[in-house]
Amino acid sequence: MLDIKLIREQPDLVRAGLRRRGDNPAQVDAILALDERRRALIKEVEVLKAERNVVSKEISKLRDAIEREAKISAMRVVGDRIADLDRQISADEAEFNRLLLWLPNLPHADVPDGSTEHDNVVVRVEGEPRQFDFSPKPHWELGEALGIIDFERGVKLSGSRFFVLKGAGSRLQRALITWMLDLHTQQHGYSEITPPYVVKEEVLVGTGNLPRFGENLFRIEGADLTLIPTAEVPVTNLYRDEILEASDLPIFHVAYTPCWRNEQMSAGRDVRGIKRVYQFDKVEMVKFVTPETSYAELLTLVANAEDVCKALKIPYRLLKLCTADLGTATMKYDLEMWAPGVEEWLEVSSCSNFEAYQSRRANLRYRPSPGAKPEFLHTLNGSGLALPRVMIAIMENYQQPDGTIVVPEVLRPYMGGAEVIG
RNA sequence: GGGGAGGUCGCAUAGUGGCCUAGUGCGGCGGUUUGCUAAACCGCUGUAGGAGCAAUCCUACCGAGGGUUCGAAUCCCUCCCUCCCCGCCA
């Protein structure tokens, strides 16, 4: 959510930002009109409420029955008028909030302009793609042959785009999760969180998934709860409606959770393998920081995610996303690992700064100094990393001619010392 | 799931229709006193919105939302949450 004061005082700046993202700038005018009317009504009703408070106090002291009755009936009229105005104000406020919650974040000035994902900028490529002296297989062939991924039984249980991991496949994923959590908690200063995997609607509003991006969510029937699409949602909302001390910041959390995304995509797209599925596991990093530090923190967040790629020794590239691909962030970097079997770059991490956009929605505040007024803090998050695609990258990069897979060195202590899967 | 007790200012508590501009204690901040610390005493102490250059003032907030009333922390309704007992259960 944007600051209404910013919209009031610099509407042109907001319109320009919306235009850069390809969003409708006229939203600003609807919000401003409603804001003005709302404030005029508040002014009017507050005068009446002040009057009623004073006269009600007088009534309690009046002994003269006639005078008393006259004031009571006068206040009855005032009370009716107040009720009318309050009704109008709450209707205006509901609409005002609806429009404000719909409004996206504004891109940072340093974000490249663009209209599609093709306008994203490759910042750098790290690592040399392995030269194969045989034709590398896609992970679904390797996984089925090794008996570590079972697609058919996944479909039998839950339908298409669900899968079952077995044996060394399960073990590899569990090793990755544990290793990544250890890396971020022991080397990068994050503290671990295990949140609920279902959340209330207001929590999804807090991160910005609702109302605008609700079409991909799995809702629990009959429970007013939704399965989380990412750990970002519960973890970012951890301190909602709280006022933190400046000395508490920065707070870095890391959480492993399953994630559910009911992606509405064309039936033929990415159906093979585990690249695009309805349920997957992910380790997520979330930062709560003071406003002046958030862009420096974004860079270290990216570096923390890159460390995972480097330690696994898998080639990857860093992308700076353009204005069309920002979601609700002001600035976003993606990490993509090279997968030689499917011959594509796989998005394994997305690192975003939201500035105060989520803080305002979730009411996440801190006190800059003792006694000072509370201010909204800045939130960031980044995958560190998303499991199925890292699994793909490991399987396809570390495969051998006989279809076995070498276990990356850093994972071996987490795999009971195993050096090869197969 | 059944029965009972509750949710009030950072914490603890008082408050059953107007004396509540929510009292008191603790904590916190400032001051007086003081060789230092402590004690004692005095003052201050939330959030949001609005008016004003400012001092300051107004409005709302006693779990949430409705209702009754000239007036609600207090009465009524619905919901949420916490604690205790019983049942069930990983």
Side-chain angles (χ1 to χ4, degrees), chain A residues 1-9 31-101 194-206 210 219-220 222-226 234 237-249 251 257-258 356-377:
Chain A
M1 186 157 71
L2 298 181
D3 188 354
I4 180 60
K5 287 188 192 120
L6 176 75
I7 301 173
R8 266 181 219 146
E9 287 159 18
I31 288 170
L32 285 176
L34 210 46
D35 179 49
E36 210 166 303
R37 185 169 79 172
R38 181 181 130 266
R39 287 202 292 166
L41 292 175
I42 287 172
K43 219 183 266 187
E44 189 180 347
V45 81
E46 285 191 350
V47 170
L48 293 175
K49 282 181 177 172
E51 183 191 351
R52 181 176 69 178
N53 288 345
V54 170
V55 177
S56 289
K57 197 151 286 183
E58 288 170 15
I59 290 171
S60 70
K61 291 175 187 131
L62 277 179
R63 291 285 156 260
D64 185 312
I66 295 168
E67 208 178 332
R68 190 182 161 90
E69 195 44 55
K71 293 215 172 188
I72 286 175
S73 56
M75 281 310 101
R76 200 171 286 142
V77 174
V78 171
D80 288 346
R81 177 69 182 143
I82 288 172
D84 282 348
L85 287 168
D86 273 344
R87 256 189 296 276
Q88 183 59 54
I89 288 166
S90 62
D92 279 2
E93 231 143 50
E95 177 65 1
F96 176 74
N97 284 331
R98 199 184 66 77
L99 294 176
L100 211 53
L101 286 172
T194 306
Y197 302 156
V198 292
V199 292
K200 302 180 199 173
E201 183 167 312
E202 71 221 51
V203 172
L204 288 151
V205 172
L210 287 176
R219 294 190 169 80
I220 307 282
D224 291 331
L225 290 169
T226 302
N237 280 276
L238 257 190
Y239 307 107
R240 67 180 289 126
D241 299 323
E242 293 186 33
I243 300 170
L244 302 172
E245 295 304 322
S247 56
D248 296 332
L249 299 177
I251 295 172
T257 70
Y357 186 81
Q358 295 182 321
S359 293
R360 239 175 241 114
R361 293 169 159 257
N363 196 22
L364 301 169
R365 292 177 296 170
Y366 79 106
R367 209 178 289 284
S369 59
K373 258 178 85 75
E375 280 178 25
F376 292 109
L377 45 78

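In what follows, every chain begins at residue 1, and chains take the letters A, B, ... in the order their sequences are listed. Computed from a prediction, not measured in an experiment: that's the story for all the values here.
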Note: for A/V54 and A/K57 on RNA chain B, the residue whose nearest nucleotide lies more 5' is A/K57

Select base, sugar-phosphate, or nothing to describe what A/K71 touches, counting heavy atoms under 4.0 Å on all strands.
nothing

What distance, rounded to whole Å, do you find between the two P atoms, one in B/U47 and one in B/C42?
26 Å

Using Watson-Crick geometry (N1-N3 plus N6-O4 or O6-N4) or G-U wobble (N1-O2, O6-N3), each under 3.5 Å, B/A90 is paired with none

Atom pair CZ/CD of A/R38 and A/Q88 - distance to nearest 0.5 Å
12.5 Å

Less than 4.5 Å apart, side chain to side chain, heavy atoms only: is that true for A/Y239 and A/D248?
no

Does the side chain of A/E93 pick up a donor-acceptor pair with the side chain of A/N97 at under 3.5 Å?
no

Nearest-angstrom distance, C1' atom, B/A22 to B/U13:
13 Å

Salt bridge check: are A/K49 and A/E46 linked by an N-O gap of less than 4.0 Å?
no

By the 4.0 Å heavy-atom rule, please label A/R68 as base, sugar-phosphate, or nothing.
base

Rounded to whole angstrom, note down the P distance from B/U68 over to B/U16.
24 Å

Counting only Watson-Crick pairs (N1-N3 plus N6-O4 or O6-N4) and G-U wobbles (N1-O2, O6-N3), all under 3.5 Å, who is the partner of B/U69?
none

Using purine N1 to pyrimidine N3 plus N6-O4 or O6-N4 for Watson-Crick, or N1-O2 and O6-N3 for G-U wobble, both under 3.5 Å, which nucleotide pairs with B/C62?
none

With rounding to whole Å, what would you report as the distance between B/U59 and B/G71 at their P atoms?
15 Å

Does A/S56 use its side chain to pair, donor to acceptor, with the backbone of A/N53 at less than 3.5 Å?
no

Give me the first and last nucleotide of RNA chain B, going 5' to 3', that has any atom under 4.0 Å from a heavy atom of chain A.
B/G18 to B/G71

Mind checking A/I59 for me? I need base, sugar-phosphate or nothing, with any heavy atom below 4.0 Å counting as a touch.
base

Is a side-chain donor or acceptor of A/R219 paired with a backbone partner of A/T226 at a separation under 3.5 angstrom?
no

Nearest 0.5 angstrom please: A/I59 CD1 to A/E69 CD, how far?
9.0 Å

Can you check the distance between B/C85 and B/G66, where both ends of the measurement are the P atom (answer in whole Å)?
36 Å

Between B/A5 and B/U56 - C1' atom distance, rounded Å
45 Å

For A/S60 and A/I42, take the nucleotide of RNA chain B holding the closest heavy atom to each; which residue's nucleotide lies nearer the 5' end?
A/S60

As its Watson-Crick or G-U partner within any shown strand, both distances under 3.5 Å, B/G23 has B/U13

Name the pairing partner of B/C29, where a pair is Watson-Crick or G-U wobble with both distances under 3.5 Å, or state none.
B/G43

Applying the Watson-Crick and G-U wobble criteria at under 3.5 Å, what pairs with B/G52? Answer none if nothing qualifies.
none

Say we look at B/A48 and B/G67: how far apart would their P atoms be, to the nearest angstrom?
27 Å

Tell me what A/R367 touches on the nucleic acid: a base, only sugar-phosphate, or nothing, going by heavy atoms under 4.0 Å.
sugar-phosphate

B/U82 pairs with, by Watson-Crick or G-U criteria that keep both distances under 3.5 Å:
B/A5

Expressed as a whole number of Å, how far does the P atom of B/G63 sit from that of B/A14?
14 Å

Please classify the nucleic acid contact of A/K373 as base, sugar-phosphate, or nothing, using heavy-atom distances under 4.0 Å.
sugar-phosphate

Lys/Arg N to Asp/Glu carboxylate O, A/R39 vs A/D35, below 4.0 Å:
yes

